[in-house]
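Some notes on the structure that comes next.
A quick note: this is a predicted structure, and the numbers were derived from the prediction, not measured. Nothing fancy with the numbering, it's 1 onward along the sequence.
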Amino acid sequence: MSCSSFESLCSTILYEIFDYLSTYNIFHAFINLNHRLKRSIHSYRLHIDFRKMSRLKFDLICSCLRPEQVISLIFSDEDMAGQVAVFQRHFPYFKYQFTHLRSIKFLKTENILCHLPDSVTCLTFHECFYVDSKLIINVIVGQAKSLTHLEIDSWDFSQLTKTKFPSLTRLTIDNAYINDTSDLLQRSKAKFVDVHLWIQNLHSPITHLKLLIGNRTLTNYNAIFNFDYLSHSLTNFTLICLANETNFSSELIQHYLIRLSNLKSLTTIIRLGFIDGKQWEEFLRKSQIIKFNFHFILSENVIFNHDGSKLLDSFRSPFWLEEKRWYVAYSKRCTNTYTHISITSVSKFLSKITDYTLEDYPPLSTVPPDLTQRIFYSRCIDMLILHLDESKIQTNYLFTRVNLLHLNGSKLPSIHDLVSIVDLNQIKELDISRVKNISIGGIHLIIEHMPRLNHLIFKHFIPLFQPPARIYTLSIETWQLKDDFDLFYRMFSNVKSLKIDITSLEMMIELVNRLKYLEDIGFWYPFEKYAHFISMKWLRRNMRRLQQTNFTCRTDEYYPLLSIGNQRIKHHQHSIF
């Protein structure tokens, strides 16, 4: 049999193509084409990210991969519950199978893998609230001799004080605590270990350190910034400290940072009593720092009566604008209780969620006019919120890389207005739940200009709207009793992912049984009185479809999430998942 041009490509070129594809897409598209492609895929090093993964895709990946080809793994229970438990069923001898694994991350998971291959050098545990901290500590201790990267939340560090990490170079601690008298009064001394003392006792050649200081209050400011014990090794430092009622001075921070003689990169979020770009310029000229990102928050008790431009003036010198090209932005947010004023590095701290009005965007900044498009409009934006006032929709700039477009107004905008603001070709998700009057023709016209759109978010079910087949993800915030079930099933029969408000358990059962392409579904419903009996067994007993398929479910009182996999294999010991 003759091979196609693609199949005849050498492995090196195939690997370059695979680098642009997800693990699921590689397996789904190529694994069964021919034996040569299968061999090439199984020799390709995989970095597997299970975030935002349905059970169906999860199972496919696990059934196709070879453990020895996996370099990194990321688990997350946010969209598919119980990932670690299901993975263990696929690979019961994980420690001895994944012999080339280097990195593993557990992000908001209910379980962890307790026995890791000796090859693992990078570990991350983030918001694993339901996991016994002793299990996590044991895993860390077990890998201590080989670990080079460790990212953890704050726990009882007393269990690690005697453990040495001779190879550790990168350390991240979220919500760490600095030994401070006022805070010790609020905490159990048995469970409080000064993070400075712990890091110092690691005897590790740490080059990259990230700390989020979690103290409620601080009286000993020196306790935060004294990292003299890392003065010769630390090259990259991120410090986040927003202790309540604590106002730092730039002089104090700079006094300690200048001692870090090899520091090349500094990122900080901190509350200051005074913000002066000239002062920071003088400090930076004395240091070895070549990368500087900051979010300076002006203390709430500081009275600032000038406009934002006055605060930015000290950051307009040739050092900031020409030599370094480090641009900063000013923001001011007012509430009933306080005014929040900050100065931030635009390259690092611009929000990925942009609430757009011509009056507030782009923010006041030191960015030159000729760079406005690139810095403020051509960057990646997760969500763009447009408040539509047709009399003011006039701009010389275009948002070019928006993922989710959220429209807010009395009616849908015209295509002419939309394309003058945002490149619709890049939109993957469209939220029209805050548009009061929606015309069917208007929706279809907008969708026609969004070729990559796959997710629609509605306030209510719109009976006469027939979506194109490429839209396979749907969110409906409110289901009304008058809405027609049968019509909904016909109109959205191809939906794969659904988030929906339901009015009864019967409706939940019907949705799962009748939407045959459904891979995952989340329900908005007051489940408090049902939470005690809604279990995996109850779901399988009451939902005909689940009697034939593998699935996982996270149940809570507000938002149960169900992820449906492939057909169950009868007589298989682990098919109950």
Side-chain angles (χ1 to χ4, degrees), residues 22 24-25 27-29 31-32 50 52-64 79-83 86 428-429 447 453-458 460-477 479-480 483-525 534-555 559-572 574-577:
S22 69
Y24 171 77
N25 286 334
F27 287 138
H28 181 68
I31 194 66
N32 291 319
F50 285 125
K52 299 187 181 298
M53 185 78 64
S54 70
R55 175 65 189 268
L56 187 69
K57 294 177 180 177
F58 186 96
D59 284 340
L60 176 70
I61 292 173
C62 290
S63 65
C64 293
D79 291 288
M80 174 193 156
Q83 282 193 354
V86 176
K428 295 180 181 178
E429 302 177 70
I447 291 176
L453 186 70
N454 60 56
H455 182 192
L456 273 174
I457 303 171
F458 295 115
H460 304 287
F461 170 51
I462 303 176
L464 299 179
F465 172 65
Q466 178 69 58
R470 60 187 167 86
I471 297 178
Y472 54 82
T473 302
L474 181 68
S475 299
I476 298 179
E477 296 182 358
W479 186 270
Q480 298 174 313
D483 289 336
D484 189 330
F485 275 131
D486 292 330
L487 180 59
F488 173 79
Y489 298 134
R490 291 196 301 272
M491 303 290 270
F492 294 95
S493 60
N494 67 317
V495 69
K496 294 181 180 180
S497 181
L498 177 64
K499 293 180 175 64
I500 189 168
D501 170 62
I502 61 174
T503 57
S504 66
L505 294 182
E506 289 74 18
M507 179 178 174
M508 178 176 71
I509 294 170
E510 282 292 296
L511 285 166
V512 174
N513 284 337
R514 296 181 64 175
L515 294 173
K516 63 180 181 179
Y517 297 109
L518 197 64
E519 294 180 16
D520 55 73
I521 183 169
F523 306 98
W524 289 302
Y525 186 65
I534 295 182
S535 63
M536 298 282 283
K537 289 183 178 180
W538 184 91
L539 292 169
R540 195 182 293 285
R541 186 171 62 249
N542 287 276
M543 296 182 181
R544 181 181 65 258
R545 182 182 178 190
L546 299 186
Q547 296 169 10
Q548 305 167 6
T549 58
N550 296 312
F551 70 96
T552 58
C553 183
R554 182 182 68 232
T555 57
Y559 185 67
L561 183 65
L562 184 66
S563 190
I564 304 170
N566 50 18
Q567 291 291 311
R568 297 176 69 195
I569 302 174
K570 296 181 179 179
H571 312 302
H572 193 287
H574 306 305
S575 63
I576 60 171
F577 286 85

Legend entry - More than 12 heavy atoms from other groups under 6.0 Å of NE2 on H28: no
Legend entry - Crowding at CZ, R541 (>12 non-hydrogen neighbours, <6.0 Å):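 For R541, atom CZ is crowded (more than 12 foreign heavy atoms under 6.0 Å).
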Check: [Y] and [X] side chains under 4.5 Å, non-hydrogen atoms:
{"X": "I447", "Y": "P468", "value": "yes"}
{"X": "K499", "Y": "L474", "value": "no"}
{"X": "K52", "Y": "M80", "value": "no"}
{"X": "L562", "Y": "V512", "value": "yes"}
{"X": "L464", "Y": "M491", "value": "no"}
{"X": "Y24", "Y": "L60", "value": "yes"}
{"X": "R554", "Y": "P560", "value": "no"}
{"X": "S563", "Y": "F551", "value": "no"}

Inset, instruction - Could you give me the CA-CA distance, side-chain angles and deciding distance for L498 and F492, then say whether side-chain contact (heavy atoms from CB on, under 4.5 Å) is met? - result: CA-CA 10 Å; L498 177 64; F492 294 95; over 6 Å; no
Inset, instruction - Please report the shortest heavy-atom distance between Y525 and I502, naming the atom on each side. - result: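 Heavy atoms only, the tightest pair is CD1-O, 3.1 Å.
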Inset, instruction - Can you see which heavy atom on D484 is nearest to which on D486, and at what distance? - result: OD1-N, 3.0 Å
Inset, instruction - For this output row, return yes or no: ring centroids of W479 and F485 closer than 6.0 angstrom. - result: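 Yes, ring centres under 6.0 Å apart.
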Inset, instruction - Under the side-chain contact (heavy atoms from CB on, under 4.5 Å) rule, what do V495 and L518 come out as? Steps first, then yes or no, please. - result: CA-CA 6 Å; V495 69; L518 197 64; 4.3 Å; yes
Approximate separation, where rounding is to 0.5 Å, of [X] [atom1] and [Y] [atom2]:
{"X": "Q548", "Y": "Q567", "atom1": "CD", "atom2": "CD", "value": "6.0 Å"}
{"X": "I521", "Y": "I564", "atom1": "CD1", "atom2": "CD1", "value": "7.5 Å"}
{"X": "L561", "Y": "C553", "atom1": "CG", "atom2": "SG", "value": "7.5 Å"}
{"X": "N513", "Y": "M508", "atom1": "CG", "atom2": "CE", "value": "10.5 Å"}
{"X": "K537", "Y": "S535", "atom1": "NZ", "atom2": "OG", "value": "7.5 Å"}
{"X": "L453", "Y": "I471", "atom1": "CG", "atom2": "CD1", "value": "4.5 Å"}

Are the side chain of [X] and the backbone N or O of [Y] linked by a donor-acceptor pair below 3.5 Å?
{"X": "R545", "Y": "L515", "result": "yes"}
{"X": "E477", "Y": "D501", "result": "no"}
{"X": "N550", "Y": "G565", "result": "no"}
{"X": "R540", "Y": "L546", "result": "yes"}

Legend entry - Partners meeting ring-ring contact (aromatic ring centres under 6.0 Å, His included) with F465 (sequence neighbours left out):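 H444, F458.
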Inset, instruction - Verify whether one side chain among S54 and D520 offers a donor that lies under 3.5 Å from an acceptor in the other. - result: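 Absent: no donor and acceptor within the cut-off.
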Inset, instruction - Take the angle between the ring planes of F58 and F50 and call it parallel below 30°, perpendicular above 60°, tilted in between. - result: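 Answer is tilted, since the angle falls between 30° and 60°.
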Legend entry - Stacked cation flag K496 on Y472, 6.0 angstrom / 45 deg: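 Yes, a cation-pi geometry.
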Legend entry - Sidechain N-carboxylate O distance under 4.0 Å for D59, R55: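 Salt bridge flag = yes for R55 with D59.
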Legend entry - M543 vs I509, side-chain contact (heavy atoms from CB on, under 4.5 Å): CA-CA, chis, key distance, verdict: CA-CA 6 Å; M543 296 182 181; I509 294 170; 4.1 Å; yes
Inset, instruction - Tell me, with the steps shown, if N32 and F27 meet side-chain contact (heavy atoms from CB on, under 4.5 Å). - result: CA-CA 8 Å; N32 291 319; F27 287 138; over 6 Å; no
